[in-house]
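What follows is a set of notes on a single structure, which appears directly below.
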Amino acid sequence: MKLTRILAGAAMFLTLPAMAQTSDSDMSAYLFTYFTGNHMDQEQIRFAVSKDGYNYLALNDNQPILDSKVISSTGGVRDPHILRGEDGKTFYMVVTDMVSANGWDSNRAMVLLKSDDLVNWTSSVVNIQKRYPDQENLKRVWAPQTIYDREAGKYMIYWSMQHGNGPDIIYYAYANPEFTDLEGDYKPLFVPADKKSCIDGDIVWHDGKYHLFYKTEGHGNGIKVATTESLTSGNWKESPDYKQQTTDAVEGAGTFKLIGQDKYILMYDVYMNKKYQFTETTDLENFKVIDSDVTMDFHPRHGTVIPITAEELARVVKKWPSKSIRPCCFLGTGVCEKK
């Protein structure tokens with residue numbers, strides 16, 4: 001009897017999903033993915049890199065790293081979100097399939113991308129209106145992101161969506177194993193207690209809780225946070241105060257942990273003023289502006305940052321070199337001559 005229990009326990013252990021093979025100590029740089037504006041040539045995925053999480057240089061001279069006309073149904077993409085998979089070596093990116101010149105209620109799809117090296121990407125368009133029945137009054141599909149749901153053992157894609165004259169609601173569905181489509185029906189992930197619109201969800205796992213940063217759309221236009229211990233439980237505790245540290249309109253919250261530190265960065269797009277603000281926190285509740293510590297040789301719109309290894313940094317710099325990045329200095333691959 002005891003042996004049977006031991007064997008059963010071992011079998012259960014062996015079926016658990018593979019955990020990340022990379023740790024915080026393996027990371028040495030940061031990758032920033034973003035788009036740059038509301039013109040079709042700006043609605044493209046771009047990459048930048050940083051050695052410290054504060055100072056960023058654009059790859060490819062701030063030109064796109066993928067062609068939106070190839071990967072999307074509309075010819076433009078916005079709001080790129082990138083995630084390192086649980087295996088430590090697979091990367092998932094999702095973007096809004098949209099050309100803003102066609103109207104803010106014009107898009108019905110998102111693009112799912114997958115890579116094992118950050119350089120070569122496969123892509124699939126998921127059109128919600130075509131994928132699911134009874135979508136005649138669907139108006140828009142915005143800002144998808146991906147997170148690994150520990151309870152389900154699957155990758156969850158969540159995004160905001162509006163039907164008819166109803167509010168924008170953050171929904172979710174699980175990706176298939178190939179990360180080319182959604183499985184099953186989509187369901188509401190988060191609806192604020194006031195039942196008003198929310199968009200641009202960004203979820204961070206910290207201290208045993210999921211922290212959802214979201215924008216209140218059309219009634220304050222700020223960033224708030226809600227927490228839960230179970231992603232699909234519907235039990236969210238909402239923090240009443242706004243988290244942005246400016247009185248200007250903001251959107252596109254992006255959160256990442258600094259390598260080897262107990263600090264997190266919450267950044268967001270101050271889109272009316274063509275600025276991007278960085279704030280620092282240790283508890284994901286209280287934030288301090290650190291704009292004076294941040295430099296970028298580009299102007300991003302709604303993007304995300306992930307830590308990367310030295311090998312991954314070298315790979316993307318080699319693939320998409322920039323005049324502003326001298327590999328011998330930036331990567332430590334040799335001695336740079338003085339300019």
Side-chain angles (χ1 to χ4, degrees), residues 16-17 79 81 83 85-86 92 94 96 108 110 112 126 128-129 131-135 137-177 179 181-244 251-255 264 266 268 281 283-285 304:
L16 290 174
D79 320 315
H81 177 266
L83 175 76
E86 291 296 292
Y92 304 94
V94 287
T96 306
R108 309 288 184 267
M110 65 181 79
L112 279 55
V126 178
I128 300 298
Q129 198 164 51
R131 174 72 173 75
Y132 295 99
D134 304 320
Q135 298 294 316
N137 67 341
L138 175 61
K139 292 178 69 176
R140 57 197 185 201
V141 175
W142 280 0
Q145 296 204 177
T146 310
I147 190 170
Y148 185 73
D149 184 344
R150 289 165 168 77
E151 292 181 78
K154 297 180 179 181
Y155 290 96
M156 172 191 287
I157 299 176
Y158 57 99
W159 69 96
S160 62
M161 189 159 59
Q162 184 186 28
H163 290 84
N165 295 320
D168 296 90
I169 292 173
I170 297 177
Y171 294 90
Y172 78 93
Y174 292 106
N176 64 6
F179 206 74
D181 199 359
L182 303 178
E183 290 184 339
D185 295 332
Y186 66 80
K187 300 176 183 179
L189 179 70
F190 174 74
V191 181
D194 62 12
K195 309 299 182 185
K196 295 183 179 180
S197 289
C198 58
I199 64 170
D200 292 355
D202 180 59
I203 301 176
V204 183
W205 171 260
H206 173 66
D207 280 353
K209 293 181 181 180
Y210 294 98
H211 294 69
L212 167 65
F213 292 86
Y214 62 95
K215 177 191 175 185
T216 56
E217 175 73 355
H219 57 102
N221 289 12
I223 295 171
K224 290 191 172 183
V225 65
T227 58
T228 186
E229 294 180 359
S230 176
L231 272 176
T232 59
S233 66
N235 298 319
W236 294 90
K237 181 180 179 182
E238 298 176 39
S239 183
D241 59 321
Y242 285 100
K243 299 305 182 183
Q244 77 274 11
E251 64 183 15
T255 316
Y264 285 79
L266 168 65
Y268 39 80
T281 180
D283 59 9
L284 297 181
E285 282 289 337
T304 49

Over all heavy atoms of both residues, which pair between Ser230 and Thr228 is shortest? Give the atoms and the distance, please.
O-OG1, 3.0 Å

Side chains of Pro167 and Lys195, heavy atoms from C-beta outward: is any pair under 4.5 Å?
no

Ignoring hydrogens, what is the shortest heavy-atom contact between Gly85 and Tyr155? Give both atom names and the distance.
CA-OH, 3.4 Å

Just wondering, do Ile128 and Leu182 contact through their side chains at under 4.5 Å, heavy atoms?
yes

Checking Lys224 against Phe213: charged group under 6.0 Å from the ring centre and within 45 degrees of the axis?
no

Asp149 versus Lys154: any side-chain heavy-atom pair under 4.5 Å?
no

Do you know which two heavy atoms are closest between Tyr214 and Cys198, and how far apart they sit?
CD1-CB, 3.7 Å

Determine whether Gln162 and Asp168 make a side-chain contact, defined as any pair of heavy atoms from C-beta on separated by less than 4.5 Å.
yes

Taking all non-hydrogen atoms of both residues, which atom of Trp205 and which atom of Arg150 are closest, and how far apart?
CD1-NH2, 3.4 Å

Grab the two heavy atoms, one from Gln145 and one from Gly201, that are nearest each other, plus how far apart they are.
CD-O, 3.1 Å

Any His163 side-chain heavy atom under 4.5 Å of Gln135 side chain
yes

When rounded to the nearest 0.5 angstrom, what is the spacing between CG in Asn137 and CD in Gln129?
9.0 Å

I need the single residue from Tyr172, Tyr174, Tyr171 that forms a ring-ring contact (aromatic ring centres under 6.0 Å, His included) with Tyr186. Which is it?
Tyr171

Examine distances only and state if a side-chain atom of Glu238 and a backbone atom of Ala193 form a donor-acceptor pair shorter than 3.5 Å.
yes

Atom pair CG (Asn165) and NZ (Lys139), whose distance is rounded to the nearest 0.5 Å
5.5 Å

Give a yes or no on whether the backbone of Gly222 and the side-chain of Thr216 come within a donor-acceptor separation of less than 3.5 Å.
yes

Test side-chain hydrogen bond (donor to acceptor under 3.5 Å, both in side chains) on Thr255 and Asp202 and set out the steps.
CA-CA 7 Å; Thr255 316; Asp202 180 59; 2.9 Å; yes

Verify, without hydrogens or angle tests, whether Thr304 (side chain) and Gly254 (backbone) share a donor-acceptor contact under 3.5 angstrom.
no

Ignoring hydrogens and geometry, is there a side-chain-to-backbone donor-acceptor pair from Trp159 to Ala173 under 3.5 Å?
no

Whether over 12 other heavy atoms sit under 6.0 Å from Glu183 CD
yes

Atom pair OG (Ser239) and CG (Leu212), whose distance is rounded to the nearest 0.5 Å
12.0 Å

Could you tell me whether a side-chain N or O of Arg140 sits under 3.5 Å from a main-chain N or O of Arg108, the two making a donor and an acceptor?
no

Please report the interatomic distance OG1(Thr96) to CE(Met110), rounded to the nearest 0.5 Å.
8.0 Å

May I ask you to test the Asp200-Tyr268 pair for a side-chain heavy-atom distance under 4.5 Å?
no

To the nearest 0.5 angstrom, please state how far the CD atom of Glu217 sits from the CH2 atom of Trp142.
5.5 Å

Please determine if Glu285 and Lys243 form a salt bridge, counting it only when a charged side-chain N lies under 4.0 Å from a carboxylate O.
yes

Does the side chain of Lys209 reach to within under 4.5 Å of the side chain of Leu284, using non-hydrogen atoms?
no

Reported CG-to-CG distance for the pair Asp207 and Asp283, which is rounded to 0.5 angstrom:
9.0 Å

Got a sec: does the CG of Asp241 have more than 12 other heavy atoms crowding it under 6.0 Å?
yes

Between Leu231 and Tyr148, is there a side-chain heavy-atom distance shorter than 4.5 Å?
no

Is a side-chain donor or acceptor of Tyr158 paired with a backbone partner of Ile203 at a separation under 3.5 angstrom?
yes

